[in-house]
Amino acid sequence: MGPVPPAELAGYIVGLEASDGVVAAYRRQGAELREAIVRELGGVWPSDGARALDFGCGSGRVLRQFAATVAPGQLVGCDIDEPCVAWVRDHLDGVEAVLTGEAPPLPFDDATFDVAWSMSVFSHLTDRWAQWLLELRRVVRPGGRLLISVAGGGASQQLAGEDWDPDRIGMTVRGPGRPWRAGGPMVLHSEWWIRAHWGRAFDVVAFEAGGLAGQDLVLLERPSTPAPSAADLQAPEPGEPRELTAALHAVALAHREHLELNRQHDAYAEAYVAEMATTAELRERIAALEQQVARGAGRRGLLRR
């Protein structure tokens with residue numbers, strides 16, 4: 001097993017503040033992810049000569065699980081966070097780590113990898129999900145497999161504040177524009193939508209609801225057919241009434257989120273006004289006390305003279 005990063009980098013990848021507890025969570029989640037990867041990709045990974053890509057590797061939560069058992073060149077990680085990539089490069093021997101941008105391409109040739117996985121990444125991708133899915137298709141060989149985790153029923157209450165109803169979700173974004181250090185935007189996915197849209201670029205081998213600590217697992221296989229375009233992946237599924245249902249529900253959720261943000265803003269504004277009034281009152285009291293002290297000091301001076 002490889003070394004463990006400092007708490008601030010472990011916290012970045014698990015979405016918590018730096019602490020001893022966050023390092024424990026980093027270790028525990030890494031072991032759970034390894035188990036899922038071996039279970040779903042065990043026929044190909046890890047095995048002699050196979051090459052794997054960890055897309056969105058962070059500070060090596062999964063990479064360190066395999067680093068000691070693979071040959072140099074077999075295991076590659078990539079991420080947009082420079083400190084995380086630097087730590088992986090410096091501490092996980094034999095693992096290649098690559099810094100990427102927020103948009104494709106990846107710096108790899110076509111069909112470079114036998115397998116790839118992407119854990120807790122597509123649950124945050126909003127605008128460029130189709131471009132990234134096609135880029136992963138490009139770098140995985142025909143017949144190779146890709147394992148992706150997505151947020152679904154297990155996250156519905158937390159992210160949308162409602163019971164899970166897959167027929168009205170599709171792909172639904174929550175918190176667009178939220179910075180990465182605050183967890184980034186979150187995306188809910190339904191199985192029917194994954195099969196309809198992702199199935200245009202990959203063969204959907206399996207969909208395991210709740211397969212990974214509350215997230216769903218999607219196992220894909222790269223076909224040898226020509227790749228579709230990003231627009232092809234994004235287009236609504238013909239004859240699928242849930243597309244409209246999901247779109248209307250996404251608008252309703254966005255309205256609800258907007259109202260909540262307005263309420264929070266109003267509460268903040270009220271608290272700010274109250275705080276300013278309290279501060280003004282305190283300043284007046286301090287000024288009065290200063291005057292009393294000054295008058296007292298003056299009287300004492302006259303008595304001494």
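We're numbering straight along the sequence, starting at 1.
Both Val38 and Leu41 belong to a single network of hydrophobic side chains, linked directly or stepwise wherever heavy atoms of I, L, V, M, F, W or Y lie under 4.5 Å apart. Leu244 and Trp193 fall into different hydrophobic clusters, where Ile, Leu, Val, Met, Phe, Trp and Tyr residues are linked whenever their side-chain heavy atoms come under 4.5 Å apart, directly or through other members. Hydrophobic clustering (side-chain heavy atoms under 4.5 Å, transitive across Ile, Leu, Val, Met, Phe, Trp, Tyr) groups Leu233 together with Val121. With hydrophobic clusters built from ILVMFWY side chains whose heavy atoms lie under 4.5 angstrom apart, Leu125 does not share a cluster with Leu159. The cluster map of Ile, Leu, Val, Met, Phe, Trp and Tyr, joined by side-chain heavy atoms under 4.5 Å apart, puts Ile80 and Trp129 in different clusters.
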Decide side chain to side chain contact (heavy atoms under 4.5 Å, CB included) for Ile37 and Val62; before the verdict, give the C-alpha distance in whole Å, the side-chain angles of both, and the deciding distance to 0.1 Å. CA-CA 9 Å; Ile37 288 167; Val62 177; 3.6 Å; yes

Side chain to side chain contact (heavy atoms under 4.5 Å, CB included) between Leu53 and Val139: does it pass, once the steps are laid out? CA-CA 9 Å; Leu53 172 67; Val139 300; 4.2 Å; yes

Verify side chain to side chain contact (heavy atoms under 4.5 Å, CB included) between Thr172 and His249, making sure each step is shown before the conclusion. CA-CA 9 Å; Thr172 299; His249 188 60; 5.5 Å; no

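With hydrogens and angles ignored, the 3.5 Å screen pairs a side-chain donor or acceptor of Arg222 with a backbone N or O of Val140. Put simply, the side chain of Ser123 never gets that close to the backbone of Ala151: no donor and acceptor are under 3.5 Å apart. With His124 contributing its side chain and Met186 its backbone, the two residues share no donor-acceptor pair below 3.5 Å. One N or O on the side chain of Ser229 and one on the backbone of Asp232 form a donor-acceptor pair closer than 3.5 Å. The backbone N or O of Tyr26 sits nowhere less than 3.5 Å from a side-chain atom of Gln29 that would complete a donor-acceptor pair. The backbone N or O of Ser120 lies less than 3.5 Å from a partner atom in the side chain of Ser149, making a donor-acceptor pair. Between the side chain of Asp216 and the backbone N or O of Gly210 there is at least one donor-acceptor pair closer than 3.5 Å. A donor-acceptor distance shorter than 3.5 angstrom exists from the side chain of Ser118 to the backbone of Phe55, with no hydrogens or angles considered.
By the salt bridge (Lys or Arg N to Asp or Glu O under 4.0 Å) test, Glu208 is found to be paired with Arg39, residues two or more places apart in sequence or in another chain being considered. Residues meeting the salt bridge (Lys or Arg N to Asp or Glu O under 4.0 Å) test with Arg195, sequence neighbours left out: Glu191. Scanning for salt bridge (Lys or Arg N to Asp or Glu O under 4.0 Å) contacts around Arg145 gives Glu221, with sequence neighbours left out.
Between Arg61 and Leu33 there is a side-chain heavy-atom pair separated by less than 4.5 Å. Put simply, the side chain of Thr126 does not reach to within 4.5 Å of the side chain of Pro176, judged on heavy atoms. For the pair Arg64 and Val4, the minimum side-chain heavy-atom distance is below 4.5 Å. The side-chain heavy atoms of Glu8 and Val22, taken from C-beta on, include no pair separated by under 4.5 Å. Between Arg137 and Pro228, some side-chain heavy-atom pair lies under the 4.5 Å cut-off. Taking the side chain as every heavy atom from C-beta outward, Ile194 and Phe207 approach each other to under 4.5 Å. Proximity of Gln157 to Asp163: side-chain heavy atoms (C-beta onward) are separated by under 4.5 Å at one or more points. Annotation: side chain of Val218 is in contact with side chain of Val150 (closest heavy-atom distance under 4.5 Å).
The line from CG of Leu146 to CG of Leu136 is 5.5 Å long, rounded to the nearest 0.5 Å. Put simply, CD on Gln291 and CD1 on Ile286 are 12.5 Å apart, with the number rounded to the nearest 0.5 Å. Separating the CD1 atom in Ile148 from the NE2 atom in His189 is a distance of 9.0 Å, to the nearest 0.5 Å. Taking CZ of Arg141 as the reference point, atom CG of Asp110 lies at 14.5 Å (rounded to 0.5 Å). Within the model, atoms CG of Leu289 and CD of Gln292 stand 5.5 Å from one another, a figure rounded to the nearest 0.5 Å.
When every heavy atom of Pro236 is checked against every heavy atom of His197, the shortest pair comes out as CA-CE1, 4.1 Å. Among all heavy-atom pairs drawn from Glu32 and Leu212, the shortest one is O-CD1, 3.9 Å. The two residues Leu147 and Ala36 make their nearest non-hydrogen contact at CD2-O, 4.1 Å. Summarising the geometry of Ala111 relative to Pro142, their closest heavy-atom pair is CB-CD, 4.3 Å, with the distance given to 0.1 Å. Here the closest non-hydrogen pair linking Val88 and Gly60 is CG2-N, 3.8 Å. Heavy-atom minimum distance, Phe202 versus Leu133: CE1-O, 3.7 Å.
For Arg200 and Glu237, the salt-bridge test passes: some basic side-chain N is under 4.0 Å from an acidic carboxylate O. No salt bridge links Arg51 with Asp114; every basic N to acidic carboxylate O contact stays at or beyond 4.0 Å.
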Which donor-acceptor pairs under 3.5 Å do the side chains of residues 164-171 make with protein atoms, sequence neighbours left out?
| unit_1 | atom_1 | unit_2 | atom_2 | d |
| --- | --- | --- | --- | --- |
| Asp165 | OD1 | Asp167 | N | 3.2 |
| Asp167 | OD1 | Arg242 | NH1 | 3.4 |
| Arg168 | NH2 | Glu162 | OE1 | 3.4 |

Quiz: residues 91-107 side-chain donor-acceptor pairs under 3.5 angstrom, not counting sequence neighbours:
| unit_1 | atom_1 | unit_2 | atom_2 | d |
| --- | --- | --- | --- | --- |
| His91 | ND1 | Trp87 | O | 3.0 |
| His91 | ND1 | Trp87 | NE1 | 3.2 |
| Thr100 | OG1 | Asp79 | O | 3.4 |

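Listed by first then second residue, pairs satisfying ring pair (Phe, Tyr, Trp, His ring centres under 6.0 Å) with a partner in residues 96-117 read Trp45-Trp117, Phe66-Trp117, Phe108-Phe113, not counting sequence neighbours.
Within a 6.0 Å radius of CD in Glu35, no more than 12 heavy atoms belonging to other residues, nucleotides or ligands are found. The environment of Asp109 atom CG is sparse: at most 12 non-hydrogen atoms of other residues, nucleotides or ligands sit within 6.0 angstrom.
No donor-acceptor contact under 3.5 angstrom links the side chains of His255 and Glu260, judged on distance only.
No close placement of the Trp198 and Trp132 rings is indicated, their centers lying 6.0 Å or farther apart.
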